[in-house]
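Structure first, then comments.
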Amino acid sequence: MLTINLIREKKDFIIERLNVKNFKAEEIIERILALDSSRREIQSKTDNMQAEMNQISREIGILMKNGKKEEAEAAKAKTYSLKEEIKLLSDKIVPIDIDLKNEIVRLPNLPHESVAGGHGADDNVKVRQGGVIPQLSVTALPHWDLIKKNNIIDFDLGIKLTGAGFPVYLGKGAKLERALINFFLDEGSKAGYREVMPPIVVNEDSGFGTGQLPDKEGQMYHANLDNFYLIPTAEVPVTNIYRDVILNAEMLPLKNIAYTPCFRREAGSWGAHVRGLNRLHQFDKVEIVRIDHPDHSYESLTEMVNHVENLVSKLELPYRILKLCGGDMSFTSALTYDFEVWSAAQKRWLEVSSVSNFESFQANRLKCRFKEKGEKQTRLVHTLNGSALALPRIVAAILENNQTESGIKIPKVLIPYTGFDLIN
RNA sequence: GGAGAGAUGGCAGAGUGGUCGAAUGCGGCGGUCUCGAAAACCGUUGUUCGCCUUCCGGCGAACCGGGGGUUCGAAUCCCCCUCUCUCCGCCA
């Protein structure tokens, strides 16, 4: 959520920047500014009337104390019409506030100044590429066939238990999953992230805080009876730890890492490219979440990108890093780098991580602020997060890229975690 | 699920209709003392919004779990909701 101050002061700048996200902001902003100025006008008036009212009440209190009943009654008489006026005016503020918030919440975050325009994935900029793309034999199999052959994940069983997109990991498949989770968490700890195990269902306030609600309601599973949502990413509970919190500047940065299962309804997104592990309703992910000082958040973003790059390198996966164009960036993000790994049998890149700086956009929703030592004024923090990493597509790439005549080779760094070096 | 108690500032904890944004203690910050530190003492210490101000800041409004009501006036009275705790039941 953009701050009302910014909208008041930099209207044209906002319109120009949101244009990069292909978002036409002009009308919304005009409505916001109109609502904002009438709100301020009304508030000024009611504040003054209320001050008068408070003054009279105080006087009545003193009169009563001194036993001057008649004078008190006379003073009371003065309040009736004033009270009515205040009520009339302040009632007008309520719907204006609601409209105002509804409009502000519709504005996406401003893209960072370095973000270029564009309409979709084709306009993303490749930052760099690493690793070696393996040349597989003609008999090489896509991961869903390898999975079946080795009986390490059972999709049909998941359908029986729950439905499509809820796979059951078995034997070495389950162990590989657990190994990856532990590897990612350990790497995070080494990099100074605090490990967190949050709830995986959250309330409505948390959903609002990170920007899933109200708009992306359809993407989350909802437990109606309790009005809880299954988390689509650990970002939601972990970032919301800092909802309604005022931090001291010297506490920053706060670095957290969490493994959670993630749940996504993915309504309407099923098609040709979602076979096997490519897209699931439930999947495992390790997420890094940072709360940062605004002056250092872009250095942090770079540090996070390096961390994720280190992970895919250690797993010996060919990868590329993309800087997203305005049109492909999420509603809440100011700058996003996507990581993709090469899936050698499908012969395509799979997105495995998205590392973003949200600047103060989430912080404003969360009301997460900080204070510089000795200063009275609060400022909004910057929030950042990134997958480090999302598991299913990593598993898909490992299976496909590492297949040999004798079986699927486990990357060296994972062997201490799996306890085996081959799936066959 | 049944019965009861409660929700006050960073924390603890007073306050049951009238200058109460709220006593007191602890913590935090600043100072005195000290070579330095501790102790002691003094001072200070919430957030949001509006108006004014070049800065420092000033003035006003709101906030004692959330929402509504009574009243000239509500932390205090009434109603609804949420949450927490205790006991019982059930239970990984």
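Chain naming here is simple, since letters A, B, ... match the order of the sequence lines and numbering starts at 1 in each.
- For A:D47, the side-chain atoms get nearest to B:G50 when compared with the rest of B:G50, B:A62, B:G69.
- Contact annotation for A:Q43: base contact, defined as any heavy-atom pair under 4.0 Å involving a base atom.
- Remark: the separation of the P atoms in B:G60 and B:G21 is 12 Å, to the nearest Å.
- Counting non-hydrogen atoms under 4.0 angstrom, A:K371 reaches the backbone sugars and phosphates but no base.
- The side chain of A:M64 lies closest to B:G18, out of B:U47, B:G18, B:G73.
- Comparing A:N48 and A:Y80, the nucleotide of RNA chain B nearest to each residue sits closer to the 5' end for A:N48.
- Taking the six-membered ring for Trp and the full ring otherwise, A:H293 and A:F370 have centroids separated by under 6.0 Å.
- With B:C72, B:A62, B:U48 as the candidates, the nucleotide lying closest to the side chain of A:T378 is B:U48.
- Among the protein residues, A:K376 comes within range of the sugar-phosphate backbone only, with heavy atoms under 4.0 Å from sugar or phosphate atoms but none that close to a base.
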Exercise. Could you walk me through whether A:N357 and A:S297 pass side chain to side chain donor-acceptor pair (under 3.5 Å), step by step?
Key: CA-CA 7 Å; A:N357 187 352; A:S297 67; 3.0 Å; yes
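- Residue A:K83 has a polar side-chain atom (N or O) positioned under 4.0 Å from OP1 or OP2 of B:G73.
- With distances taken from any side-chain atom of A:R369 to the nucleotides B:C51, B:G73, B:U48, the minimum falls on B:U48.
- Across all strands shown, A:A75 has no heavy atoms under 4.0 Å from either base or sugar-phosphate atoms.
- Remark: the separation of the P atoms in B:U71 and B:U86 is 40 Å, to the nearest Å.
- Cation-pi geometry between A:K172 and A:F420 is met: under 6.0 angstrom from the ring centre, within 45 degrees of the axis.
- Distance from the side chain of A:R40 is smallest for B:C51 among the nucleotides B:A61, B:C72, B:C51.
- Nucleic acid contact class of A:I56 (heavy atoms, under 4.0 Å, all strands): none.
- Pair assignment for B:U54 gives none, since no Watson-Crick or G-U wobble pairing has each distance under 3.5 Å.
- Summarising the base pairing, B:G60 is matched to B:C49 through a Watson-Crick or G-U wobble pair whose two defining distances lie under 3.5 Å.
- B:G69 sits 28 Å from B:A14 when the C1' atoms are compared, rounded to a whole Å.
- Atom-to-atom, CD of A:E204 to P of B:C83 comes out at 13 Å; the value is rounded to the nearest Å.
- Between A:E375 atom CD and B:G30 atom P there is a gap of 14 Å when expressed in whole angstrom units.
- Across all strands shown, B:G43 pairs with B:C29; the Watson-Crick or G-U wobble distances both stay below 3.5 Å.
- Summarising the geometry, the separation between NZ on A:K45 and C1' on B:A62 is reported as 20 Å, rounded to the nearest angstrom.
- Partner assigned to B:U34 is none, using Watson-Crick or G-U wobble distances below 3.5 angstrom.
- In this structure, A:E52 places its CD atom 17 Å from C1' of B:C51, rounding to the nearest Å.
- What separates CZ of A:R39 from P of B:A61 is a distance of 17 Å, to the nearest Å.
- Annotation: B:U76 and B:U16 have their C1' atoms spaced 5 Å apart (nearest Å).
- If you take atom C1' in B:G28 and the same atom in B:U84, they sit 28 Å apart, rounded to whole Å.
- Taking a pair to require two hydrogen-bonding distances under 3.5 Å in either a Watson-Crick or a G-U wobble arrangement, B:C20 remains unpaired.
- A gap of 8 Å separates the C1' atoms of B:A22 and B:G15, to the nearest Å.
- Outside the 6.0 Å centre-distance limit, the rings of A:H382 and A:Y298 are not counted as a close aromatic pair.
- Here A:T79 lies in heavy-atom contact (under 4.0 Å) with sugar-phosphate atoms only.
- Looking at which nucleotide of RNA chain B each of A:K87 and A:K76 is closest to, the 5′-most match is held by A:K87.
- How far OG1 of A:T332 is from CD of A:Q212: 7.5 Å, rounded to the nearest 0.5 Å.
- Put simply, CZ on A:R58 is 21 Å from P on B:U71, counting in whole angstrom units.
- OP1 or OP2 of B:A61 lies within a sub-4.0 Å distance of a side-chain N or O belonging to A:N54.
- When the P atom is used for both B:C72 and B:C55, the distance is 42 Å, rounded to whole Å.
- A:I246 comes within contact range of the sugar-phosphate backbone alone, with a heavy-atom separation under 4.0 Å but no base atom that close.
- The neighbour count for A:E250 CD, taken as heavy atoms of other residues, nucleotides or ligands under 6.0 Å away, is above 12.
- The residue from A:F339, A:Y193, A:F184 that alone fulfils the ring-ring contact (aromatic ring centres under 6.0 Å, His included) condition with A:H307 is A:Y193.
- Using N1 to N3 plus N6-O4 or O6-N4 for Watson-Crick, or N1-O2 and O6-N3 for G-U wobble, each under 3.5 Å, B:A75 pairs with nothing.
- Separating the CG atom of A:D226 from the C1' atom of B:U82 is a distance of 13 Å, rounded to the nearest angstrom.
- Across all strands shown, the partner of B:G4 is B:C85, judged by Watson-Crick or G-U wobble contacts whose two distances both fall under 3.5 Å.
- The pairing partner recorded for B:G9 is none, the criterion being a Watson-Crick or G-U wobble arrangement whose two distances lie under 3.5 angstrom.
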Quiz prompt | Criterion side chain to side chain donor-acceptor pair (under 3.5 Å) on A:K323 and A:T336, from CA distance to verdict | solution = CA-CA 6 Å; A:K323 181 173 177 174; A:T336 297; over 6 Å; no
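- Listed pair A:Q50 / B:A62 meets the phosphate criterion, a side-chain N or O lying under 4.0 Å from OP1 or OP2.
- The separation of B:G10 from B:C64, taken at their C1' atoms, amounts to 15 Å, rounded to a whole angstrom.
- In this structure, A:I42 atom CD1 and B:A62 atom P are separated by 17 Å, rounded to whole Å.
- For the pair A:R365 and A:F208, the distance from NZ or CZ to the six-membered ring centre is under 6.0 Å and the angle to the ring normal is within 45 degrees.
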